[in-house]
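Just so you know, ligand 1 is whichever comes first in the structure, and atom 1 is the first atom listed for that ligand.
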Amino acid sequence: MSNVPITVAHGDGIGPEIMAATLHILKEAGARLDIETIEIGEKVYLSGNNAGIAPESWDSLRRTKVFLKAPITTPQGGGFSSLNVAVRKTLGLYANVRPCVSYHPFVSTKHPVMDVVIVRENEEDTYAGIEYRQTDQVEECLKLISRPGSEKIVRYAFEYALKFNRKKVTCFIKDNIMKRTDGLFHRIFDEIAQEYPGIEADHWIVDIGSAKLADTPENFDVVVMPNLYGDVLSDVAAQIAGSVGLAGSSNIGEQVAMFEAIHGSAPRRAGQNLANPSGLFLGSILMLVHINQPDVAELAHNAWLKTIEDGVHTYDMFKEGVSTEKVGTKEFADAVVARIGQKPETLKPVSYVENVVEADPKPIYSIREPQKKDLVGVDIFVDWWKGSFYGVADEFGALVEALNGDGLKLANIANRGVKVYPGGLPDTFTVDHWRCRFVAESGEGSGVSHAQLISLLQRFDAAGLDVIKTENLYNFDGEKGYSA
Ligand code: NAD
C-alpha cells in the first residue's frame, strides 16, 4: 500500500516534544505516511505575519488535504489573528469532532462509564463574528444558521454514527426561544434522522440536555449541536471524562481535515520532557482512521490503552496507588511502542478494522428549489434616547406612528424583543434601541414594495429619527419568515 502524504506542524511550547513522541509511535506502529513539515505559530507571527502561517504552507495543506497540528502559542497583544480560526474558515472545516472517553479506574473521573462524541458545527452561528455597535448602549451579534450548513453537520453526525457503530445521535438546540435559527437546525435534524432508521435520534433543549450530559453522560452517544453550544459543551464533556489533557479532536472539511490535541501549548512545561503527548496522539488516531489506515490506528490505540492500564503515566495523570511509573514525554512514547501488538485487559480494546462500516457516500447537502419569497413589511431599528430607561415608549411611539401612510402602517414597537407600543407598561425597562415594525395598511401578510420602504425611510429621516438598520419582513411560500 502506498504512503499517504500529510502535512505536519510541530507548533510551540510543548508542541515539538509531543509531536515527536506521536510521530515516533505512529512510525513504529507502521503508519504509511509521507510527511511534509510546515512552520506555524509564534515564530511566524513574530516575523511579521499576522496570520501565523506562511502563504506557501497553504499550498502544502491544499496538496495533502490532511493536517496534523501541534498546539501553538498566540502572542499576547493586538494585531495577531487566530490561526485556528483562519485554518478552519479558509479550508471550510465545518465539523469539529471530539470523542470524550473516560479511562476508569486508571484516570480519575466522576463518570466511570463515558464514551461520548461531540459533533460541533464549526462555521456558522454567532461565530461568523458579524458584530456591530448600533447605539450608545447596544451591541449586536448576528446569529446565522443556514440550511446547507445544518445539513452538512447533521448528516456528518449520522454518517459518523453509522461508520463507528454508534447507536444514537442526540441534537441540542434552544428552539423554544430561537424558533427560527435553532428551529431550522432542529427541523433538519428530524428530516435527516429519518434517513437513518437504524440509529436512534433524540433531542434536548440545550440547558436541560447539558445538565443531563454532565450528570449521566453514559446515556449519550453522539451529540450534534450548533457552534456556540458545541464550543462550551465539548470542553465540559472532555473535562468530566477526566481527560482534557487526553482528548484529541478532528476538524473535518469537504476537502481538508485537521487533527490536533484540544489543549494548548503549555509554555511553562515546554522543553522539560514533562508533557503528556496523549491528546495529540489520540488526534493522530482519528487521522489514521480518516486516511483509511484502520489497521495502524488499532495497533497504536490499543498499545496506548495498555500503557494507560499498566499505570505508566505522565505527571498530569500520575496518581499514587493507581500509577506504577511516572514517566516523561519520551519514555511514555517508548512505553507505548513497547506495547505495540498488545491489547488492554480492563479497558475496552478498540477495533477499527472490523467495526468501521464503510458508509454509502451521500451528497452532504441538497440543492433545492428556492421557496417563493414575498416582501410583507419592514423592521426599522432606531437609536432614540430621552434620558430615561422608563416611561418613554409612548412618546417615541407617537413620533413613529405619525410616519404611517403610503400603504404602510406601524404594527408595533419593541425594545430588545419586548413589545412596548402600543399598550406597553411604564414599568418596562427600555434602552436606546427601538424596533419599529411596519406592515401593509391592508393587513399583515399583504405584499409591499421596496419603493414603499424607501419612502418610509425618507419619512424617518425627515422626522429626524436615527435609523440604525432595517430588516425586511418576508413570507416564504405564504409562511411568516420572522419572529412575532
Ligand atoms: P494549555 O492547554 O496550554 O494549558 C492549560 C494547563 O494544562 C496548564 O497547566 C498546562 O501545563 C496543562 N497542560 C496542557 N497540556 C498538557 C499536556 N499535554 N501535558 C501536561 N500538561 C498539560 O492552555 P493555556 O495555558 O490557556 O494556553 C497556553 C497557550 O496555548 C496560549 O498561547 C494559547 O493561546 C494556546 N492555545 C493553543 C491552542 C491550539 O493551538 N489549538 C489551544 C488552546 C490554547
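Atom 16 (C) of ligand 1 has its closest protein heavy atom at I14 CD1, 3.9 Å. Summary of contacts: the protein heavy atom closest to atom 8 (C) of ligand 1 is A266 CB, 4.8 Å. The protein heavy-atom contact nearest to atom 33 (C) of ligand 1 is I72 O, 4.4 Å. For atom 22 (C) of ligand 1, the closest heavy atom belonging to the protein is Y315 OH, 4.0 Å. Looking at atom 41 (N) of ligand 1, its nearest protein heavy atom turns out to be N84 ND2, 3.2 Å. Nearest protein neighbour of atom 28 (C) of ligand 1, counting heavy atoms only, is P267 CD, 3.7 Å. The protein heavy-atom contact nearest to atom 29 (C) of ligand 1 is S265 OG, 3.2 Å. Protein heavy atom at the shortest distance from atom 2 (O) of ligand 1 is G264 N, 2.6 Å.
For NZ of K27, the number of neighbouring non-hydrogen atoms (other residues, nucleotides, ligands) closer than 6.0 Å is 12 at most.
You'll find the side chain of N96 stays beyond 4.5 Å of the side chain of R88, heavy atoms only. In this structure, the side chains of E17 and P277 stay at 4.5 Å or more apart for every pair of heavy atoms.
Of the listed options I18, T329, N276, D316, N276 places a heavy atom closest to atom 18 (N) of ligand 1.
Remark: the E36 side chain and the T64 side chain contain no N/O donor-acceptor pair separated by less than 3.5 Å. Judged by distance alone, the side chains of E254 and Y365 do bring a donor and an acceptor atom under 3.5 Å apart. Using modelled atom types, one finds a donor on one side chain and an acceptor on the other under 3.5 Å when comparing T135 with D432.
Within a 4.0 Å radius of atom 25 (O) of ligand 1, the protein contributes no heavy atom. Remark: atom 36 (N) of ligand 1 lies closer than 4.0 Å to at least one protein heavy atom. When distances from atom 5 (C) of ligand 1 to the protein are checked, no heavy atom turns up under 4.0 Å.
Among residues at least two apart or in separate chains, ring-ring contact (aromatic ring centres under 6.0 Å, His included) pairs with a member in residues 182-202 are F158-F189, F158-Y196, H186-H203.
A donor-acceptor distance shorter than 3.5 angstrom exists from the side chain of R339 to the backbone of A335, with no hydrogens or angles considered. Although no hydrogens or angles enter the test, the distance criterion places no donor-acceptor pair under 3.5 Å between the side chain of E260 and the main chain of S249. Between the side chain of Y45 and the backbone N or O of L83, at least one donor-acceptor pair lies under 3.5 Å.
Within the 4.0 Å heavy-atom criterion, the part of R269 lying near ligand 1 is the side chain and not the backbone.
Listed by number with element, the atoms of ligand 1 under 4.0 Å from a non-hydrogen atom of A275 are 19 (N). Atoms of ligand 1 lying under 4.0 Å from any heavy atom of E260, numbered from 1 in the order shown and given with element: 41 (N). Listed by atom number, the atoms of ligand 1 under 4.0 Å from K69 heavy atoms are 39 (C), 40 (O), 41 (N).
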